[in-house]
Enquirer: 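Below you will find the structure I want to go over with you.
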Amino acid sequence: MKSRYGLAVYLTGATIARTGDELSGPALLLLGLSVDGSAATGSALLAGLTISAAAGGPLLGALLDRSPRPGRLLAWALLAYAGGLGAVLALVEVPAAIAVAVAAGLLNPALAGGWTAQLPHVRGAIPLPKASALDAMTFTAASLAGPGLAGLVAAHAGAPAAVAVAITLVVAAFPAAWSLPAVEAKPAKPLRRRLADGFSVLFRNRSLLRATATSTVSFVGIGIAVVCYPLLGAQRLGNPGLGALLLTVLAAASLVANAVLARKPPPPDRTVLATTVLLGASFLLAAAGHDVATLLAAAVLAGFAEGPQLSALFAIRHREAPADVRAQVFTTAASVKITGLAAGAAAAGPLSALSVTAALSAAAGCQLLAAATYVLVKTAKRPRTPSPARAA
């Protein structure tokens, strides 16, 4: 009973925080559109918030790994992240707002990998595969609620109100993070050594390296597509808020796909490849669509790919990551993915200025490149480095 209660608190807090995070992206895009009517401003704000995650993720993970109370550190990171979003909302000058977004983005991995790395400490007797599936569902639920909520709030109260709701949700997750249990004391290591150990695991473990590299390239295309959805709503459906609601359709399809596959999950490594190809097909369909039915079909197809891809990535990380660097593996892998998303969002501005069709075609091309990355990393031969025991 105690383990179920701890997991329930964990899942509740993760869902609330991640909903705020999923809401903040579309809200910032709509905020940029409301400031000067330019997609470039919105994509710059989103890119600023996400592009610095690669720097913040490894350090945050290493600090969580060596902390006896990682939940307390996670809780303060959530407050700081919410404060950064508040500063972006309060600032009038766009360059200053982008700079603050970059600073806040250093803590963004706390909402993804920082939470997930704590799962083994709260699952109790619940099997890890089942607990991992439930954790992945919190991302899907957040993806379902966040963009739709952003569109609804922005449509009725304006884009600044949507950003304010995102801030409120992130702050509301503070108690759940604070209540996460203490962990066993770990051997004292210099922070630099911990960082080196975490990076070593990511680069030497073939499964982790392949999954991380593939998902990062894939997320470049996803970042382009996320920026394009509000533009699709504005240009082809007559309302940018309707474009944000398409993201809700995508998340609903993702939830259905994960629910169906939860009974008998397919091999995670192959799932990463298959879903990447499926994402490419969905973006091509969106690029060609000019009516509601086609755009809805494209969003559903993307959801069928994105949800299982995330579940497969979680399964690979939990399977491969050693316990003493688990948080760093999760936050580093998440931060690299977030940086890929940021690169895509930044590229979406000039690409969408040419045409939304060109931008979505580029997003599809990124998925094909990600699939090629998967194959290349899988077949590449690395020189074998003997372990210290074997060398001795």
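Here the structure is a predicted model, which is why all the values come from computation and not from measurement.
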Enquirer: Which heavy atom in Leu107 sits nearest to a heavy atom in Tyr81, and how many Å separate them?
Expert: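 Leu107 and Tyr81 have their closest heavy atoms at CD1-N, 3.8 Å.
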Enquirer: Would you say Leu376 ends up clustered with Val220 if hydrophobic residues are merged whenever their side chains have heavy atoms under 4.5 Å apart, either directly or through other cluster members?
Expert: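 No, because Val220 and Leu376 fall into different hydrophobic clusters, even though each may have its own neighbours under 4.5 Å.
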Enquirer: Test of understanding: with side-chain hydrogen bond (donor to acceptor under 3.5 Å, both in side chains), list the residues that count as partners of Ser311, not counting sequence neighbours.
Expert: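 Applying side-chain hydrogen bond (donor to acceptor under 3.5 Å, both in side chains) to Ser311 gives Asn258.
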Enquirer: Using every non-hydrogen atom in the two residues, find where Ala117 and Ala327 come nearest and quote the distance to one decimal.
Expert: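 Heavy-atom minimum between the residues: CB-CA, 3.3 Å.
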Enquirer: Would you call Arg326 and Asp65 a salt bridge, taking side-chain N to carboxylate O under 4.0 Å as the test?
Expert: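 Here Arg326 does not pair with Asp65 in a salt bridge, since their nearest N and O are not under 4.0 Å apart.
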Enquirer: Does some side-chain heavy atom of Ser218 sit less than 4.5 Å from a side-chain heavy atom of Cys366?
Expert: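 Counting from C-beta outward, Cys366 and Ser218 never come under 4.5 Å.
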Enquirer: Working to the nearest 0.5 Å, report the span between CG of Leu250 and CG of Leu301.
Expert: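 Reported to 0.5 Å precision, the distance equals 9.5 Å.
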Enquirer: Looking only at heavy atoms, what is the nearest atom pair of Gly13 and Ala176, with distance?
Expert: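 Closest approach of Gly13 to Ala176: CA-CB, 3.5 Å.
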Enquirer: Could you tell me whether the side chains of Ser254 and Glu306 share a donor-acceptor contact shorter than 3.5 Å?
Expert: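 No, Glu306 and Ser254 have no side-chain donor paired with an acceptor closer than 3.5 Å.
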Enquirer: Following the transitive rule for hydrophobic clusters with a side-chain heavy-atom cut-off under 4.5 Å over Ile, Leu, Val, Met, Phe, Trp and Tyr, establish whether Leu278 and Leu284 coincide in one cluster.
Expert: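 Each belongs to a different hydrophobic cluster.
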Enquirer: Say whether Val165 and Val171 are linked into one hydrophobic cluster, either directly or through other cluster members, by side-chain heavy-atom distances under 4.5 angstrom.
Expert: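 No, Val165 and Val171 fall in different hydrophobic clusters.
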Enquirer: In chain order, what residues pass the ring-ring contact (aromatic ring centres under 6.0 Å, His included) check against Phe314, with sequence neighbours excluded?
Expert: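 Expected list: Phe139.
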Enquirer: Answer whether the closest heavy-atom distance between the side chains of Leu74 and Trp178 falls below 4.5 Å.
Expert: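 When only atoms from C-beta onward are counted, Trp178 and Leu74 do not touch, as no gap falls below 4.5 Å.
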Enquirer: With no hydrogens and no angle check, is any side-chain donor or acceptor of Thr373 less than 3.5 Å from a backbone partner on Leu369?
Expert: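 Such a contact is found between Thr373 side chain and Leu369 backbone.
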Enquirer: Decide, yes or no, whether a salt bridge links Arg206 with Asp269 under the criterion of side-chain N to carboxylate O below 4.0 Å.
Expert: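 Salt bridge between Arg206 and Asp269, a charged N being under 4.0 Å from a carboxylate O: no.
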Enquirer: Give the minimum heavy-atom separation between Leu64 and Pro70, together with the two atoms involved.
Expert: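 In this case the closest contact between Leu64 and Pro70 is CD2-O, 3.4 Å.
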Enquirer: Would you name the heavy atoms of Val100 and Ala87 that are closest together and state the gap between them?
Expert: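 Smallest interatomic distance, heavy atoms only, reads CG1-CB, 3.5 Å.
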Enquirer: Does Thr294 reach the main-chain N or O of Gly289 with its side chain, forming a donor-acceptor pair under 3.5 Å?
Expert: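 No, the answer is negative, given that no donor and acceptor are paired below the 3.5 Å cut-off.
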Enquirer: Might you confirm whether atom CZ of Arg69 has over 12 heavy atoms from other residues, nucleotides or ligands at distances under 6.0 Å?
Expert: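 More than 12 heavy atoms, drawn from other residues, nucleotides or ligands, come within 6.0 Å of this atom.
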Enquirer: Taking all atoms of both residues into account, what is the closest heavy-atom pair of Arg210 and Thr214, and its distance?
Expert: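 Minimum heavy-atom separation between Arg210 and Thr214: O-OG1, 2.8 Å.
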Enquirer: Do Leu360 and Ile224 come within less than 4.5 Å of each other through their side chains, counting heavy atoms only?
Expert: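 In short, these two side chains do not touch, never coming nearer than 4.5 Å.
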Enquirer: Kindly indicate whether the side chain of Pro268, heavy atoms from C-beta on, has any atom under 4.5 Å from the side chain of Arg319.
Expert: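 They are in contact (side-chain heavy atoms under 4.5 Å apart), so the answer is yes.
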Enquirer: In terms of hydrophobic clusters joined by side-chain contacts under 4.5 Å, are Leu49 and Leu23 together?
Expert: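 They do not share one cluster, since no chain of ILVMFWY contacts under 4.5 Å joins Leu49 to Leu23.
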Enquirer: Is any side-chain heavy atom of Leu295 closer than 4.5 Å to one of His290?
Expert: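 Heavy-atom side-chain distance check fails, nothing below 4.5 Å.
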Enquirer: So if I apply the side chain to side chain contact (heavy atoms under 4.5 Å, CB included) rule between Leu111 and each of Thr116, Leu78, Thr19, which one comes out positive?
Expert: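 Of all the options given, the one that passes is Leu78.
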Enquirer: Could I get the full list of side-chain hydrogen bond (donor to acceptor under 3.5 Å, both in side chains) partners for Thr276, not counting sequence neighbours?
Expert: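 Applying side-chain hydrogen bond (donor to acceptor under 3.5 Å, both in side chains) to Thr276 gives Gln309.
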